[in-house]
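Order of the sequence lines sets the chain letters (A, B, ...), proteins ahead of strands, with each chain counted from 1.
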Amino acid sequence: MCGRFSLAVTDWAALLPQFGFDSMDFYYAPRYNIAPTTEVPVVFFAERQRTLQTMRWGLIPPWSDSFTSRYATHLARTESVLEKRLYSRLVGRQRAVLLADGFYEWQTGSRQPYRIRVQGEEVFALAAVYDVWRGADGGERASCSILTRPANAWMAHIHDRMPAVLRASQVDAWLRPDCTDASEMQQFALHYDMPELYAYPVSGRIGNVRVDDAECFVPLKDDASRMGGQ
DNA sequence: CCAGACGTTGTT
DNA sequence: GTCTGG
DNA sequence: CCAGACGTTGTT
DNA sequence: GTCTGG
């Protein structure tokens with residue numbers, strides 16, 4: 001689940017204030033089909049400063065020999081995150097959110113991909129944890145994992161798992177730099193009020209990671225498969 | 001003690 | 001680095 | 001998540 | 001069949 005998402009924003013000036021920023025210091029080309037291992041915009045606190053920068057999607061721990069992984073680390077199960085060597089110490093102190101304007105889910109059984117969005121929000125957030133890896137040259141590289149949880153009743157029509165989707169207004173409650181209690185934040189990620197979502201079927205061409213164009217967002221001509229408003 | 005893993009999803 | 005399995 | 005590789009030697 | 005790369 002949630003092995004792909006999108007962030008095709010061009011009007012960052014309108015978006016940044018929503019997430020607590022007035023500027024950004026990197027170039028970003030709109031992305032319609034984002035796959036694991038690529039660099040994605042992430043919001044987090046570093047030195048008490050709210051920060052927006054890109055990170056590798058797919059967490060690499062500091063002790064890794066290289067900035068790659070043989071394991072699937074782009075997702076972390078919220079229910080068991082505190083028991084995992086890779087993630088447990090991060091929940092208390094290295095929380096983050098990825099920015100997204102949709103995520104993709106392949107329906108169980110039919111294999112039909114859907115684009116899923118938040119009702120009333122152009123851009124929303126995905127709860128995540130991050131870590132920092134230091135290369136032999138001393139350079140630092142950050143990476144992240146999206147938290148997943150069991151599907152809610154709506155999502156269950158498509159899939160049995162889903163990412164922890166946050167409205168922009170809920171981002172502060174996940175990042176809150178004052179809280180270092182991992183259990184408390186785990187409970188938040190499992191039980192906060194999930195925003196209303198809607199979904200529509202899209203072309204299977206997004207299965208190919210090299211496909212990354214506006215056509216990815218075009219609904220299939222199949223109104224019956226649409227789920228939710230907007 | 002040391003060696004080896006460190007992760008998720010989906011499908012059968 | 002730290003935990004688990006043997 | 002899906003797609004694509006999965007291998008070696010030697011030559012340019 | 002299974003792993004890696006995007």
Please report the distance separating the [atom1] of [N] from the corresponding atom of [M], rounded so that it comes out in whole Å.
{"N": "E/dG1", "M": "B/dT12", "atom1": "C1'", "answer": "13 Å"}
{"N": "B/dT9", "M": "E/dT2", "atom1": "C1'", "answer": "14 Å"}
{"N": "B/dC1", "M": "D/dG7", "atom1": "C1'", "answer": "40 Å"}
{"N": "E/dC3", "M": "B/dA5", "atom1": "P", "answer": "12 Å"}

Margin query: Considering every strand and a 4.0 Å limit on heavy-atom distances, what is the contact class for A/Arg210: base, sugar-phosphate, or nothing?
Written below: sugar-phosphate
| said: Under 4.0 Å, counting only non-hydrogen atoms across every strand here, what does A/Asp212 touch: a base, just sugar-phosphate, or nothing? | reply: nothing
Ignoring the backbone of [X], work out which of [options] is nearest its side chain.
{"X": "A/Arg70", "options": "E/dG6, E/dT4, B/dT8", "answer": "E/dT4"}
{"X": "A/Arg4", "options": "E/dG6, E/dT4, B/dT8", "answer": "E/dG6"}
{"X": "A/His74", "options": "D/dC1, B/dT8, D/dA3", "answer": "D/dC1"}
{"X": "A/Ala35", "options": "B/dG7, E/dG6, E/dT4", "answer": "E/dG6"}
{"X": "A/Thr37", "options": "B/dA5, B/dT9, E/dG6", "answer": "E/dG6"}
{"X": "A/Tyr71", "options": "E/dG6, B/dC6, B/dT9", "answer": "B/dC6"}
{"X": "A/Arg85", "options": "D/dC1, C/dT2, D/dG4", "answer": "C/dT2"}

Q: Could you tell me whether A/Glu39 and A/Arg31 make a salt bridge, using a distance below 4.0 angstrom between a side-chain N and a carboxylate O?
A: no
In whole angstrom, give the distance that lies between atom [atom1] of [X] and atom [atom2] of [N].
{"X": "A/Arg149", "N": "B/dT9", "atom1": "CZ", "atom2": "P", "answer": "13 Å"}
{"X": "A/Tyr32", "N": "E/dG6", "atom1": "OH", "atom2": "C1'", "answer": "19 Å"}
{"X": "A/Phe67", "N": "B/dC6", "atom1": "CZ", "atom2": "P", "answer": "20 Å"}
{"X": "A/Trp106", "N": "B/dT9", "atom1": "CH2", "atom2": "P", "answer": "14 Å"}
{"X": "A/Ile60", "N": "E/dT4", "atom1": "CD1", "atom2": "P", "answer": "12 Å"}
{"X": "A/Lys84", "N": "B/dC6", "atom1": "NZ", "atom2": "P", "answer": "9 Å"}
{"X": "A/Asp65", "N": "B/dC6", "atom1": "CG", "atom2": "C1'", "answer": "12 Å"}
{"X": "A/Phe5", "N": "D/dC1", "atom1": "CZ", "atom2": "C1'", "answer": "12 Å"}

Quiz item: With a 6.0 Å cut-off on ring centres, are A/Trp106 and A/Tyr114 close enough?
Solution: no
Intra- and inter-strand pairing of DNA chain B, written as dot-bracket with Watson-Crick and G-U pairs under 3.5 Å and | for the latter, reads ||||||......
Apply ring pair (Phe, Tyr, Trp, His ring centres under 6.0 Å) to A/Tyr198 and A/Trp154, showing your working. CA-CA 9 Å; A/Tyr198 69 97; A/Trp154 179 87; 8.4 Å; no
For A/Tyr27, the other hydrophobic cluster members (4.5 Å side-chain criterion, sorted by chain and number) are none
Note: with side-chain heavy atoms under 4.5 Å as the link, the other cluster members for A/Trp133 come out as A/Ile60, A/Phe67
Open item on the list: Please tell me if A/Thr148 has a side-chain N or O lying less than 4.0 Å from either OP1 or OP2 of B/dT9.
Closed with: yes
_Counting only side-chain nitrogens and oxygens, does A/Arg77 get under 4.0 Å of the OP1 or OP2 atom of B/dT8?_
no
Applying side chain to side chain contact (heavy atoms under 4.5 Å, CB included), can you list everything that pairs with [X], at least two apart in sequence or on another chain?
{"X": "A/Asp25", "value": "none"}
{"X": "A/Glu215", "value": "A/Arg205, A/Asp213, A/Val218"}
{"X": "A/Ser183", "value": "A/Leu82, A/Asp181"}

* Relative to each other, are the rings of A/Phe217 and A/Tyr104 parallel, tilted or perpendicular (30° and 60° limits)? -> tilted
By nearest-heavy-atom nucleotide on DNA chain C, the more 5' of A/Glu83 and A/Leu86 is A/Leu86
According to a cutoff of under 5.5 Å between the ring centres and under 30° between the ring planes, does A/Trp63 stack with the base of B/dC6? yes
